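What follows is one structure encoded as structure tokens, with my remarks underneath.
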2 protein chains.
Amino acid sequence: MVDVAKRAGVSLKTVSRVVNGSPQVQPELADRVHAAIAELGFRRNHLASALRSGQLTATVGLLIEEIANPFYATIAGVVAETAREHDTLLFTASSEEDPVREELLLRDLCARRVDGLIVVPAGYDHGFLRSEVERGLPVVFLDRPGGGLVADTVLLDNRGGTRAGVERLLAGGHRRIAVLLDSVGVYTMRERLAGAQEALAAAGIPYDPTLVREGVKDPATAAAVVAELSDVDAYVCLNNRITVGALQELVRRGGDAELLGFDDFELSYLMPRPFTVIAYDPKELARRAADLLFARIAGDETWPRTEVLPTHLIERGLR
Amino acid sequence: MVDVAKRAGVSLKTVSRVVNGSPQVQPELADRVHAAIAELGFRRNHLASALRSGQLTATVGLLIEEIANPFYATIAGVVAETAREHDTLLFTASSEEDPVREELLLRDLCARRVDGLIVVPAGYDHGFLRSEVERGLPVVFLDRPGGGLVADTVLLDNRGGTRAGVERLLAGGHRRIAVLLDSVGVYTMRERLAGAQEALAAAGIPYDPTLVREGVKDPATAAAVVAELSDVDAYVCLNNRITVGALQELVRRGGDAELLGFDDFELSYLMPRPFTVIAYDPKELARRAADLLFARIAGDETWPRTEVLPTHLIERGLR
DNA sequence: GCGTCTTGTGACAACGTTGTCAGCCCCGCG
DNA sequence: CGCGGGGCTGACAACGTTGTCACAAGACGC
């Protein structure tokens, strides 16, 4: 900027005014400055600008589990689009479900002075963000509640969705119902399991521990578990990776066991067998979180909110 | 930092040394400083640090078409992971195939003083980046070549892949072959079309313009085009959205026309009908671009490279 | 012709941090 | 006892920008 000022024969401050579109500059000078900027290829340093003016950095951070996962990719897409509507750039980072990594990344984002954070929590304690939040950093938790911190939260109706799905299975006369889940360490899995449990208990089905399978981490494991549990009326899969594995095994084996899966997925309507998904709108989930965040950034200082998004049942697959 | 210094009864500089882990500080003083940092909840401002030290910002930018698209999501995942390995944070931005938006976003990223850029080009002229590149900003173009700028580029063997696929169709005795593509305005489409054309011309098949359908933007259009072209031996779909639409129509209609699609996609092995995909490893594509970028950031000043990734044919779908 | 206001411009300090360098103290050596 | 050197510490300036304020020049009213 100093070089531009010298070249245009004006002061530093006048260049600053021109760069910031201040109207208080004579057109003739402004032209000289613009010419000098073009000749020297000057680009204003947004970092220095934000530092001096103490204003917002026009940057937000999104911390998710894994960008490559289509669910999180959809979320990232919506958040990126909302950010762009607010002329804001987006940092994207993946925790890979590692709380240590989560904390490191969040601290790093804070060090970059982001204007706000959207976080899909991996860990249980986000108290390390408290001092930032107290200084006015808006944080929105997405998909799962954060720990040790009062902040806006946007969740799915995991419990109600699974309950409704299992109730439909029960209404269809099914009694021997297996539940496959990843890990009860994950909030969404606990809630979904609780929903299934509520429906089964309400129907008077006795608890059979052999029908609840935890630790189903991937489609291959899901297929193996389904193969092993062959005398079952219906399989409830608490996420879509599990659903896909179960589906593959049921297609291989044949038969008419029912399949209920949490999360819809791409091309589910083309799967070679009917099944039911507990679906929701991931875009709406992300949109709410992003809107909440930018409302906070714009100065909304009402009490922290928790929003819960409904789910609904959809029949999928070719019949 | 001033407050921390006062509280710990040391100078500003000593706090700076402690924060940066300089060994030249007496343990006793360092402890006092650490205590003050904890009490005040001090977090070093990375922006100011980068400004003063003139060093790298430990930030890179990734500009893709659309994060929500699984192909780009995979790329973003690999780039994010590589960035993390280099303790670098990642800006992700979507051009939505709009060259104007692309330029705005890239300029904005430069204003944030990113250490490097990975760009999936939307526009044809990236000359506006020249002054940055001349000042040492590394830029890597991914999936398509950039325009008006000499820079590292990582591409797919679009032409060779399609040629090999069509040659296989020809070897299978197919002669009436339709080609469905999005827009010849897109580099990858032009290359893939050229590959198909090379194979067909080499086999002496006369050019039939009614069998080359441009403007197939989505699965629904693809399905409609396939429905219309019912007297065809084989359909060549130049991206996976087109493949999915064609597949749906072929499943509906039945028959034994061959289907060849560029790009593999998730769950393709579960599709209710056999077909062939021209596949490649999108992670490898991204990994190469990211490695190239970080090598440049680390000081690699060899001539700009263009790397071309091979493709291969895979049989998909249930038989 | 004088004071006052408006408009445009620039000098200077400051944002939060780090590089440079000077200075202090203490040790060991001749 | 004096001197050189190493180990720590701090004062100060600087990174690139903008806020504050002062000032100059012209317009206006009386």
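If you're wondering where the values come from, they're calculated on a predicted model, not measured in any experiment. Below, chains carry the letters A, B, ... as their sequence lines are ordered, and counting in each starts from 1.
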Salt bridge present between R112(A) and D108(A) (N-O < 4.0 angstrom): yes
Sugar-phosphate, base or nothing in reach of V19(A), heavy atoms under 4.0 Å: nothing
Side chains of N20(A) and R44(A), donor plus acceptor under 3.5 Å: yes
Sugar-phosphate only, base, or nothing, as touched by V2(B) at under 4.0 Å among non-hydrogen atoms: nothing
Plane angle bin for Y280(B) and F71(B) - parallel if under 30°, tilted between 30 and 60°, otherwise perpendicular: perpendicular
Touch class at under 4.0 angstrom, heavy-atom based, for V25(B) against every strand present: sugar-phosphate
Touch class at under 4.0 angstrom, heavy-atom based, for T14(A) against every strand present: sugar-phosphate
From L63(B) atom CG to I118(B) atom CD1, the distance as rounded to the nearest 0.5 Å: 11.0 Å
SB check E85(A) R287(A) (cutoff 4.0 Å): yes
Carboxylate-amine/guanidinium contact E81(A) R101(B), below 4.0 Å: yes
5'-most by nearest nucleotide on DNA chain D - R113(B) or S11(B): S11(B)
Close residues, residues 40-47 of chain B, relative to DNA chain C [heavy-atom separation under 4.0 Å]: F42(B), R43(B), R44(B), N45(B)
Covered region of DNA chain D, 5' end to 3' end, by chain B [heavy atoms, under 4.0 Å]: dC8(D) to dG16(D)
Which residue lies more 5' along DNA chain D, comparing S53(B) with K13(B) via nearest heavy atoms: K13(B)
E301(A), CD: over 12 other non-hydrogen atoms inside 6.0 angstrom: no
Touch class at under 4.0 angstrom, heavy-atom based, for E28(A) against every strand present: nothing
Gap separating the CZ atom of R130(A) from the CG atom of D125(A), nearest 0.5 angstrom: 7.5 Å
Touch class at under 4.0 angstrom, heavy-atom based, for S49(A) against every strand present: sugar-phosphate
Interatomic distance, Q26(A) CD vs dG8(C) C1' [rounded to whole Å]: 7 Å
Heavy-atom side-chain proximity of V2(B) to L12(B) below 4.5 angstrom: yes
